[in-house]
Amino acid sequence: MRPRKVDLAFDWMRSQPRRAFHYRDEVWAALAELHSDEFAVSDDRKTPWFSLHRDMTQDARFLRGDKGMFKLVEGTIAEVTSAEVAAVPDVKEPRVWIFQANPVLYRILEALQHLDRMQFLTNRYKDRIHIGDIILLWMSGNYAGIYAQARVVEGVADRKSDGADAAFWADPSSGATTKPRVVLAIEKRFLGNPLLKTTIAARKGLANLMILRQPNGTNFPVDAGAWELLRPLLPVEETHKPAREVLTWAMKRARAGKIYDESCNELLERFVAETFADGDEHSRDEITSWFAANYPLFKPITVQCDIEKYTTNFRSRVHYNATPEHDLLFRVDDDWARLRLYRPGDDPPPIHDKPGAPKRSKAKTSTKAKQFSPLDRNRRLLAHLATLGELTPGDPEDLGLHEAHLSDWLDSLLARRPEAHVVTPLFLHLIDGDAGPSAFTTRLAAHFMGEHLRRHAPEPIPELEEHVWARFGRWHLTQPHGGDQKTHAYLSVPIREPRDVAASERLDLFAQLPPKVIGDLIREPEFLSEQQSWSADAASKLEGPLSTQLRRSWKRPLLLSTVELLVADDGQVLIGEMERTDVMARNYVVAGLPLCRHGEWEPAATLGREAAAERLSQHPVAAALLQFEVHRLFAGLAGDVAALIHVGGDVAHLELDGAGRGPLWRHVRSMLEQVGYWPVGASTQDSLWAGAVHVMLKNLELLDVFEHDGDVLRLTDDYQSKIKAHPGHLQNRGEKPYRVRLSQFLATFHGGQA
């Protein structure tokens, strides 16, 4: 009598040397190869497979798991007798392979989240890959490594990828082509904790893996020795959800820079078209919640910025290059809880240009220039310099000025720099206080003509101004002595010594090492001693803008910025789409790096997120904001008082001991003045301080430096890791003297003492 199919399945499963569980398709394929008469494979094998599946399900010797997996009941795997072993043909030890997926061609991470079986190309080793072989699924690229373990359940055959896995090809025609493929059953997923290439490469004995030496290809063998070293490195815990940054990167690779098939703008337009009816009011939270539920990889700040761009009466939309094509929504009574469709003709005209922004037409500018009186022209120039601190290319044209007009000022109030004329400390000294054009020019007139006119300075005196411009319009004041560092502090450029440069380069190299390598190195006493020496060099040389200012103890002029950055979905700062004068040296020249250096700006120019964050953090306001959180991170080690940045209703407050301590901008201003920064011109106005701190927080969020944790702003994990990984990071050791001052400042508030 022929043995029942279920008995053959039982005999085969208990004879397997590695494990007692298998997927149903794997059992069928193995038995079909061993007993072709009982398990003939045909085009229609539904009925014979169903009978075996049914019998195994009803047999007490088998336990049925999820997703078609069968396991033998405990105790049924008794010792196999020599006769039983002889009755079952030899089963070869399964080989181990690495199958590589390129996220540009196939969305492997998304596929692994949704599929239990997938077809995979076998471009090489077609005659050596067999059913039962172990497959390690590798994703190439920036986050290269092993993301899953699978098993071959159907051998190599010419197939089309026309099943559920076909949807994940970037080019659908790639899956529709008949090519040699195997069918894999996914056994384990490590999507959130992959075994990365850097970890594998650092393990002694694995450097000769073919995928490390010759990574171009799809199928790579792993020999027995390498498998013995590699297997213990595989994560024990399964994770079915990739890290957000990894998934975002992979999806953009497959979609030519897009996270999803539709952009955030397109999805917003579709949501509004499907949800908003004429007259209906909805809230911003309703839109952001829909994005969070359906498109979670879009950052909340990105969605918020797009909503602002499409809201016709939101003033900041001008920073996102809003055009009539974006005139979609209307905010009711400045309340984000009430948004409706924009009604042309009934609602106020949409905001498309910056309030008071001068037009860029050369013809109109030249006409206006001829109409300006000397008094009006100089008033405009003085007001511009008092607010912005410099003249960049394009500004003279906007102000109706010619080079001849500027020559009147060059020796007295302006200094030349690449791409800009910058106000001198003398100018900033003169405008301390009210920067209004009339009072300001009168103040200059009083200074030029002598102390006996100072009694007139508080009141505008047009006649006096006319007299000054007519008589002294080309009169040049003597420049302060060039060697006076305190006078020219903000124009000086510190010279870094060679020793400092060498230490920085070594620290940069150290920070780029894989975490495991760093972990191994810091356990070695010799390396630790050397690393501490580097840190000492960095601590004595590399200083942040706040600690540098604290050490020099001189008054340094400070101008504020309310420029909102334009950041694309991929994190690039779109400096080419922003006003050139907003991203050149303006508002950063007195303290910190410009967002866009000489020669970087062009209409399509972009700046990487990390580079923009580094430059922005050189501005004293950004540095001070970062230090509240950096101090909090380190305060626990020293037992210092720490504060939180609490945001409620778009207003940031400082929170200490669970109680609010007033607007954040007041504390930032107080700290910067204590350090020695000297607000001048328009920077003396409280309203500008409040706006500048609000915009700076928003920019830091856009650059992934800050993120919301409920109503509290925190440094992102990624930015925290940069600080901790680099001993000489400016926000780490470089600002330590300032953090001591900040600790003293916060201590005065502790327990309600201030």
Side-chain angles (χ1 to χ4, degrees), residues 23-30 32-33 36 40-46 49 67-68 92 94-141 144-189 191 197 209-223 250-251 253-256 261:
Y23 289 92
R24 59 192 181 191
D25 286 7
E26 183 182 353
V27 177
W28 172 271
E33 186 174 339
S36 57
V41 178
S42 62
D43 292 337
D44 181 12
R45 58 185 215 182
K46 178 178 180 181
W49 166 243
K67 301 172 183 175
K92 293 181 179 180
R95 288 191 174 98
V96 181
W97 305 87
I98 290 177
F99 283 10
Q100 179 173 228
N102 185 341
V104 175
L105 306 176
Y106 189 78
R107 303 200 301 276
I108 184 66
L109 292 186
E110 295 176 72
L112 288 173
Q113 289 184 89
H114 296 89
L115 303 178
D116 297 316
R117 294 164 58 88
M118 66 171 60
Q119 299 185 61
F120 216 99
L121 287 168
T122 49
N123 296 328
R124 300 180 63 191
Y125 309 106
K126 304 178 187 64
D127 57 339
R128 293 173 56 188
I129 299 173
H130 299 292
I131 293 172
D133 285 356
I134 297 170
I135 307 300
L136 304 175
L137 291 176
W138 179 288
M139 182 180 74
S140 63
I146 298 171
Y147 284 78
Q149 180 176 321
R151 185 79 62 158
V152 178
V153 294
E154 293 187 33
V156 179
D158 289 338
R159 297 182 174 92
K160 293 181 180 180
S161 179
D162 52 4
D165 53 357
F168 298 98
W169 284 100
D171 181 1
S173 64
S174 299
T177 306
T178 301
K179 291 183 178 181
R181 307 175 196 264
V182 293
V183 179
L184 305 179
I186 310 303
E187 294 180 338
K188 298 178 183 178
R189 295 171 175 83
L191 302 184
K197 174 183 177 180
L209 278 176
M210 187 178 293
I211 195 165
L212 300 180
R213 293 187 292 110
Q214 299 175 349
N216 294 328
T218 304
N219 316 110
F220 303 85
V222 179
D223 60 45
M251 293 174 73
R253 294 281 290 169
R255 293 185 170 92
D261 291 328

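- Side chain of Gln100 to backbone of Ser140: no donor-acceptor contact under 3.5 angstrom is found.
- Residues Val156 and Lys126 have side chains in contact (heavy-atom distance under 4.5 Å, counting atoms from C-beta outward).
- Smallest separation of non-hydrogen atoms from Arg128 and His130: O-CD2, 3.3 Å.
- For Lys160, the NZ atom is loosely surrounded, since the number of other residues' heavy atoms within 6.0 Å does not exceed 12.
- In this structure, the side chains of Glu154 and Gln119 stay at 4.5 Å or more apart for every pair of heavy atoms.
- The structure places CG of Asn123 at 9.5 Å from CZ of Phe99, a figure rounded to the nearest 0.5 Å.
- Proximity of Arg181 to Phe120: side-chain heavy atoms (C-beta onward) are nowhere separated by under 4.5 Å.
- Across all their heavy atoms, Ile131 and Gly155 have their closest contact at CG1-N, 3.7 Å.
- The shortest side-chain heavy-atom distance between Ile134 and Gln149 falls under the 4.5 Å cut-off.
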Walk me through it: do Met118 and Phe168 pass the test side-chain contact (heavy atoms from CB on, under 4.5 Å)? CA-CA 10 Å; Met118 66 171 60; Phe168 298 98; over 6 Å; no
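- By the ring pair (Phe, Tyr, Trp, His ring centres under 6.0 Å) test, Trp97 pairs with Tyr125, sequence neighbours left out.
- Annotation: ring pair (Phe, Tyr, Trp, His ring centres under 6.0 Å) contacts of Tyr147 (sequence neighbours excluded): none.
- The side-chain heavy atoms of Arg124 and Phe220, taken from C-beta on, include no pair separated by under 4.5 Å.
- Using a 4.5 Å cut-off on side-chain heavy atoms (C-beta onward), Leu137 and Ile186 make contact.
- Shown here are the side chain to side chain contact (heavy atoms under 4.5 Å, CB included) partners of Asp127, two or more places apart in sequence or in another chain: there are none.
- Interatomic distance, CG of Leu136 versus CD1 of Ile211, reported as 9.5 Å (0.5 Å rounding).
- With values rounded to the nearest 0.5 angstrom, Leu184 atom CG is found 11.0 Å from Arg151 atom CZ.
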Let me have the donor-acceptor pairs involving side chains of residues 105-112, under 3.5 Å, with sequence neighbours excluded, atom names and distances please.
unit_1 : atom_1 : unit_2 : atom_2 : d
Tyr106 : OH     : Asp165 : O      : 3.1
Arg107 : NE     : Glu110 : OE1    : 3.4
Arg107 : NE     : Glu110 : OE2    : 2.8
Arg107 : NH2    : Ala167 : O      : 3.3
Glu110 : OE2    : Arg255 : NH1    : 3.4

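- In terms of the side chain to side chain donor-acceptor pair (under 3.5 Å) criterion, Thr122 has no residue partners (sequence neighbours excluded).
- Between Lys179 and Arg159, the closest side-chain pair of non-hydrogen atoms is not below 4.5 Å.
- Looking at Arg117 and Val183, their side chains come closer than 4.5 Å, going by heavy atoms from C-beta outward.
- Between Asp116 and Arg189, at least one side-chain nitrogen of the basic residue sits less than 4.0 Å from a carboxylate oxygen of the acidic one, meeting the salt-bridge criterion.
- At least one donor-acceptor pair under 3.5 Å links the side chain of Thr177 to the backbone N or O of Ser173.
- With values rounded to the nearest 0.5 angstrom, Leu191 atom CG is found 9.5 Å from Met139 atom CE.
- Closest heavy-atom contact between Ser161 and Trp169: OG-NE1, 3.2 Å.
- When the side chain to side chain donor-acceptor pair (under 3.5 Å) test is applied to Asn219, no partner is found at least two apart in sequence or on another chain.
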